[in-house]
Amino acid sequence: MRSSLMFRRVSLVFVAAVSLAASGLFLGCGDSTAPAPQTWNQETLPSALGGTGLLGVASSGTHIISVGAQSSSGSLIPVILSNTGSGWVRILQSTLPSNAAYSAAAFTDDGKGVFAGAKGQVQIDQVSVWDERSGSWQESIPVTSGLANEIVYGGGRFWLGGTDNGGMLLYSDEPGTWIRDNSAWNTPQEKHVWDMDYGKGTDNQDVFVAVGKDDAAGQNTNFLMVNRGDGWVHVASHPRSDDPNTDYSAVSIQDGGVLVGGSTPSAVPAKSGQAQEREAFLIQYSDTQSEWIDIVLPDPAAMQRVNAIHHAADGTYYLVCGDGTASVWHFTGTGWTQEGTWANA
């Protein structure tokens, strides 16, 4: 079991805007009601955030929060940034612990928050959840080992996905109660749920999806799973799934299908003494045709990795891309334009 402050594989990234709806590949609703921005600006964050990793983001109406942790002298200091339309501010919650790392966050429809992460020193392997649904923040420890990677909400239910031996998928319908559901797995090896999403199916039923990696029998295979209310079901594998060097790191529900993004080793041989370069990919699974479709990206090598996928109300798809050097891409009906790059210090 790994232990570190970085609960998910995250890097300093920009956002790439991808309007796939214009290409005719996808139609229908996404998970956002906010219009897509037409220009890109680097956000101004509060000062004194050195040593901070921002690992989760969530929104409720016009209120956006980003959560994470700041490492200081071997201890963890929780970080909650809030933006209600007039800029980012760091907020302090006296009812939340002062030694925690938040790695994921989500809101109910009425704006009640649920944070997931861990509490204690930097080297930790215990999942904690802080829940506001009862009217005040309450802490629970649903599992005593593992790492929390993602949390999503929809249809009155929270799902928490993470890294654990045997797999970690937990759901909660009421404050303080988390139930493990690993019905899709039957092996004890470590499994990683990297990303999840919620949406509506073609008959308006609640649908959750999850992507990640299964270390069973040392195969390190990638998976896409779907839950329509009757348990988690593995979706037929894409040819990339069985490559242990390929990672599924992002997922988004679309009408009639699912988008999956990640990274894979570059076809260009590594230079002498250097690590193999990686490149981004984006694939779609069609529920109606039960098949995979490869989406052509403008410059997979420059994009490096798809870290997250978001669908805005105007039909624009956003890809959070990068692994060391972030890039911003915008797609219009006439083609792709690179907006800029940002290299990590």
Side-chain angles (χ1 to χ4, degrees), residues 28-37 54-67 80-86 88-89 91 93 95-96 102-117 127-140 142 148-162 169-179 181 193 195-210 225-232 250-255 258-259 308-318 320:
C29 300
D31 57 359
S32 170
T33 58
L54 295 174
L55 305 177
V57 63
S59 64
S60 175
T62 59
H63 182 203
I64 304 172
I65 64 166
S66 183
V67 299
I80 307 172
L81 302 182
S82 173
N83 191 333
T84 57
S86 56
W88 291 94
V89 297
I91 60 175
Q93 288 279 358
T95 55
L96 288 172
Y102 304 130
S103 53
F107 282 111
T108 62
D109 293 334
D110 60 353
K112 298 294 176 57
V114 172
F115 299 167
V127 173
S128 293
V129 173
W130 295 271
D131 195 328
E132 197 185 19
R133 283 176 289 177
S134 63
S136 61
W137 289 102
Q138 304 292 326
E139 181 183 354
S140 61
N149 296 327
E150 181 64 295
I151 187 168
V152 294
Y153 175 83
R157 171 169 290 184
F158 283 94
W159 276 99
L160 170 65
L169 280 166
L170 309 168
Y171 69 87
S172 174
D173 297 327
E174 59 185 38
T177 301
W178 291 87
I179 300 172
D181 179 2
V193 177
D195 196 22
M196 305 178 75
D197 194 23
Y198 163 80
K200 290 289 188 178
T202 53
D203 57 355
N204 204 40
Q205 85 273 32
D206 294 321
V207 179
F208 292 87
V209 294
M225 297 192 299
V226 178
N227 190 327
R228 295 180 174 86
D230 52 358
W232 290 96
V251 65
S252 179
I253 293 176
Q254 311 305 324
D255 281 4
V258 181
L259 277 174
I309 307 169
H310 190 65
H311 186 194
D314 69 349
T316 299
Y317 288 80
Y318 293 89
V320 177

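Numbers here are sequence positions counted from 1.
- Across Val193 and Ala210, no two heavy atoms sit closer than the pair CG1-CB, 4.1 Å.
- Here the rule is side-chain contact (heavy atoms from CB on, under 4.5 Å) with Trp178, and of Tyr171, Trp159, Phe158 only Phe158 fits it.
- The main-chain N or O of Ile253 is found under 3.5 Å from a side-chain atom of Asp197 such that the two form a donor-acceptor pair.
- Taking each heavy atom of Pro175 and Ser134 in turn, the nearest pair found is CG-N, 3.9 Å.
- Between Asp206 and Gly155, the shortest heavy-atom contact is OD2-CA, 3.6 Å.
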Problem set entry | Glu132 and Thr108: CA distance, side-chain angles, deciding distance, side chain to side chain contact (heavy atoms under 4.5 Å, CB included) verdict | CA-CA 10 Å; Glu132 197 185 19; Thr108 62; over 6 Å; no
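- Between the side chain of Asn83 and the backbone N or O of Ile64, no donor-acceptor pair lies under 3.5 Å.
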For this session: Evaluate the side chain to side chain contact (heavy atoms under 4.5 Å, CB included) criterion for residues Val152 and Phe208: first the C-alpha distance (whole Å), next the side-chain angles of each, then the deciding distance (0.1 Å), finally the verdict.
Result: CA-CA 9 Å; Val152 294; Phe208 292 87; 3.8 Å; yes
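- Considering every non-hydrogen atom in both Ala116 and Ala148, the closest pair reads CB-CB, 4.0 Å.
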For this session: Quick one: do Trp130 and Thr95 satisfy side chain to side chain contact (heavy atoms under 4.5 Å, CB included)? Show the steps, please.
Result: CA-CA 10 Å; Trp130 295 271; Thr95 55; over 6 Å; no
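- With Arg133 contributing its side chain and Lys112 its backbone, the two residues share no donor-acceptor pair below 3.5 Å.
- Distance alone, capped at 3.5 Å, places no donor-acceptor pair between the Ser59 side chain and the Ile65 backbone.
- The minimum heavy-atom distance linking Pro142 with Val127 is given by the pair CD-O, 3.6 Å.
- The backbone N or O of Gly117 lies less than 3.5 Å from no partner atom in the side chain of Ser128, so there is not a single donor-acceptor pair.
- Two residues are said to be in side-chain contact when any heavy atoms from C-beta on lie closer than 4.5 Å; Ile80 and Leu96 meet this criterion.
- Between atom CZ of residue Arg157 and atom CG of residue Asp173 there is a gap of 4.0 Å, rounded to the nearest 0.5 Å.
- For the atom pair Met196 CE and Leu160 CG, the distance stands at 8.0 Å (nearest 0.5 Å).
- Under the 3.5 Å distance criterion, the side-chain polar atoms of Asp195 are matched with a main-chain donor or acceptor of Val251.
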